[in-house]
Amino acid sequence: MNSYSFDCTACGKCCNSPPATSLRELFKHRDVFVGCIALGRIPRDAHTPLHAFPVDEANAITITTLALDYPSLGRCPALARDGLCSLHAKGKPDQCIAVPLDPLVPDHLQHAVLAQRSHGAGWIGAQCIQPGEHTGALLLKAGEIVDEQAKAAVQRRRQALAVERELWVASLFDVVRRDFADPLRALAMLPSDGYRTIASVPALISIGTLSTALARSCIAYIDAQTALIHRNVAQAVQRRRLDDRLMTQTLRGFSDVLQHARAHLCALPERTATSVLAKKAEDWFLA
Ligand code: SF4
Ligand code: SF4
């Protein structure tokens with residue numbers, strides 16, 4: 001079945017965790033999402049996605065940003081009490097606009113994504129994804145994305161991955177590779193069926209070093225993130241749930257390293273964006 005129809009009733013079922021976002025989107029929604037970097041490990045094969053870095057014949061590492069929150073809440077922090085997305089007016093992340101498609105999967109395999117999601121745990125009961133061609137709700141026709149809004153969001157998400165790969169992800173991969181001279185050691189640090197999260201610090205240092213304007217933007221981001229982390233941790237302390245403890249520890253760790261990054265960025269000498277990369281980063285993050 002290569003044709004699917006999609007009719008979202010905004011039931012909120014699939015908003016059961018924070019979304020994957022670009023760093024630029026995290027900057028935009030700094031008061032809503034705690035951002036982090038996810039280092040993942042995937043098999044290297046014909047379907048290895050755009051954002052993966054091959055490590056050896058069999059494995060690749062993925063480096064992406066995403067929003068992080070307490071799993072016990074079971075919902076995206078942007079999901080309002082009325083069940084609607086509170087970011088609608090300001091602009092939802094492209095990953096969410098592309099739903100139920102997965103921008104990381106090539107177009108010719110989107111039918112498999114839709115087949116899986118039409119039965120997936122987060123979507124059960126929503127019945128928003130239906131095989132076949134239904135008038136007014138056609139999303140995928142003969143394997144091709146035909147909904148213009150979804151198609152544009154998929155393309156924007158892929159473009160963001162490509163741009164940010166050049167601006168900071170590639171240099172982080174170099175560090176990971178350097179730190180683990182033996183690539184197999186790097187792989188051993190990553191879970192085989194998930195990802196490891198770290199604070200956004202390496203990305204912020206990479207970008208903030210490029211120009212004073214970018215450093216100021218990163219410092220403002222760190223300040224907003226620190227305030228958000230403190231709010232989220234304070235709420236978790238009030239909830240008094242044992243299963244929140246690990247995330248509280250993680251967030252406190254993020255807060256500490258963000259302060260170190262802030263001090264580093266504040267101490268940098270004044271500089272304007274002269275390199276092509278610095279100008280590109282200013283266009284991407286400050287426009
Ligand atoms: S589960 Fe389906 S109907 Fe509900 S919000 Fe998500 S996409 Fe829309
Ligand atoms: S940002 Fe909005 S659409 Fe995306 S997961 Fe959160 S509530 Fe849902």
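In listed order, ligands and their atoms are each counted from 1. All values below come from the heavy atoms of this structure, side chains included, with hydrogens, waters and symmetry mates left out.
Between Tyr195 and Ile63 the shortest side-chain heavy-atom distance does not fall below 4.5 Å. Side-chain atoms of Leu139 and Leu101, non-hydrogen and from C-beta on, do get closer than 4.5 Å to each other.
Residues Leu228 and Arg30 come closest through the heavy atom pair CD2-O, 3.6 Å.
The nearest heavy-atom contact from the protein to atom 2 (Fe) of ligand 2 is Cys85 SG, 2.3 Å. In this structure, atom 8 (Fe) of ligand 2 lies nearest to the protein heavy atom Cys15 SG, 2.3 Å. If you check which protein heavy atom lies closest to atom 4 (Fe) of ligand 2, you get Cys96 SG, 2.3 Å.
Using a distance-only test at 3.5 Å, with no hydrogens or angles considered, no donor-acceptor pair links the side chain of Gln149 to the main chain of Ile97.
Between atom 4 (Fe) of ligand 2 and Cys76 there is no N/O/S contact shorter than 2.8 Å. Among the backbone and side-chain atoms of Cys128, an N/O/S atom is found under 2.8 Å from atom 2 (Fe) of ligand 1.
Cation-pi check for Arg75 over Tyr70 is not met; the charged atom does not lie both under 6.0 angstrom from the ring centroid and within 45 degrees of its normal.
Within ligand 2, the atoms closer than 4.0 Å to a non-hydrogen atom of Lys92 are 3 (S), numbered from 1 in the order shown. Of all the atoms in ligand 1, the ones that sit under 4.0 Å from a non-hydrogen atom of Cys8 are 3 (S), 5 (S), 7 (S), 8 (Fe).
Ion pair Lys141/Glu133 flagged as a salt bridge, since at least one NZ, NE, NH1 or NH2 atom sits closer than 4.0 Å to an Asp/Glu carboxylate oxygen.
The shell of residues lying under 4.0 angstrom from ligand 1, judged by heavy atoms, includes Gly12.
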